[in-house]
Each structure stands twice: as structure tokens, then as C-alpha cells.
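Owing to the predicted nature of the structure, the values given are computational and were not obtained by experimental measurement.
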Amino acid sequence: MPTYSQFSPPLKAVAIGAGYFSQYHFEAWQRIPQVRLTALCEVDEAKGRAACRQYGIPRWYSQAADMLQREQPDFVDIITPPATHLQ
């Protein structure tokens with residue numbers, strides 16, 4: 001039986017947040033061939049750029065709206081405390 005990845009390009013994902021818990025998300029996305037994490041938004045530039053280097057994420061942004069407009073992702077992985085998700 002054919003698999004999803006045989007017919008469709010990878011889903012384009014972006015992430016918001018590079019705190020402690022994000023490492024688990026980034027490692028998980030690397031194991032899923034149907035997903036390509038293309039950008040990360042993190043207000044702390046040093047933390048964001050370090051996560052990009054460590055996990056092979058091509059681009060870093062400091063503003064989520066800017067990232068969403070430029071990247072046009074299929075979905076967003078929000079990796080921040082729950083109280084910040086609505087923002």
C-alpha cells in the first residue's frame with residue numbers, strides 16, 4: 001500500500017519557542033520524513049540561533065507574524081507556556 005510520503009511533498013512546519021521543552025519537539029520532527037521544520041521564532045536571539053544550529057533549522061525570526069508571512073507554513077508548532085498560546 002502506498003504511503004503518504006510517496007505522493008506528497010513534506011509538510012512545511014515552523015516553531016515558536018526554543019525553551020527547555022522544545023528540544024523534544026525538534027528531535028521528534030527530525031524523525032518524521034513527512035515534515036520539514038523550516039523556521040523558528042524565539043525572542044531570545046542567542047537561544048533561537050543556537051537551536052537553529054543544533055537542529056538544522058534554516059531560519060530564525062524574532063517576530064511570529066513576520067515568520068508566518070514569509071514562511072507560509074502548513075502548520076505551527078507552539079512550544080511556549082500554555083498561557084502564551086493565544087498571543
Asker: When rounded to the nearest 0.5 angstrom, what distance separates CD in Glu71 from NZ in Lys12?
Answerer: 5.0 Å

Asker: Could you check whether the rings of Tyr24 and Tyr20 sit parallel, tilted or perpendicular, using 30° and 60° as the cut-offs?
Answerer: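 Perpendicular.
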
Asker: What's the separation between atom CG in Leu68 and atom CD in Gln63, rounded to the nearest 0.5 Å?
Answerer: 11.0 Å

Asker: Do Val35 and Val14 belong together in a cluster built from hydrophobic side chains that touch within less than 4.5 Å?
Answerer: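 The answer is no; the residues belong to distinct hydrophobic clusters.
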
Asker: Can a donor-acceptor pair be found between the side chains of Glu42 and Tyr61 at a distance below 3.5 Å?
Answerer: no

Asker: I need the Ile16 CD1 to His25 NE2 distance, nearest 0.5 Å.
Answerer: 12.5 Å

Asker: Quick check: closest heavy atoms across Val76 and Pro73, and the distance to 0.1 Å?
Answerer: CG2-CG, 4.2 Å

Asker: Give, for atom CH2 of Trp29 and atom CD of Gln34, the distance between the pair rounded to the nearest 0.5 Å.
Answerer: 10.5 Å

Asker: Quick check: closest heavy atoms across Arg59 and Cys52, and the distance to 0.1 Å?
Answerer: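 So the two residues come closest at O-SG, 3.7 Å.
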
Asker: Using 0.5 Å steps for rounding, measure from the CD1 atom of Ile79 to the CG atom of Leu40.
Answerer: 7.5 Å

Asker: Testing the basics here: between Gly17 and Ser22, what is the closest heavy-atom pair and its distance to 0.1 Å?
Answerer: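 Shortest heavy-atom separation between Gly17 and Ser22 comes out as O-CB, 3.7 Å.
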
Asker: For atom CZ of Phe75, is the number of surrounding heavy atoms from other residues, nucleotides or ligands below 6.0 Å larger than 12?
Answerer: yes

Asker: If you link ILVMFWY side chains whenever their heavy atoms are less than 4.5 Å apart, which other residues fall into the same cluster as Val43? By chain and number, please.
Answerer: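 Noted: Val43 shares its cluster with no other residue.
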
Asker: Could you work out, with ring-ring contact (aromatic ring centres under 6.0 Å, His included) as the rule, every residue matching Phe26, not counting sequence neighbours?
Answerer: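 Phe26 satisfies ring-ring contact (aromatic ring centres under 6.0 Å, His included) with Tyr55 only.
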
Asker: Can you name the side-chain hydrogen bond (donor to acceptor under 3.5 Å, both in side chains) partners of Asp66, sequence neighbours left out?
Answerer: Arg70

Asker: Please report the interatomic distance CG(Asp77) to SG(Cys41), rounded to the nearest 0.5 Å.
Answerer: 12.5 Å

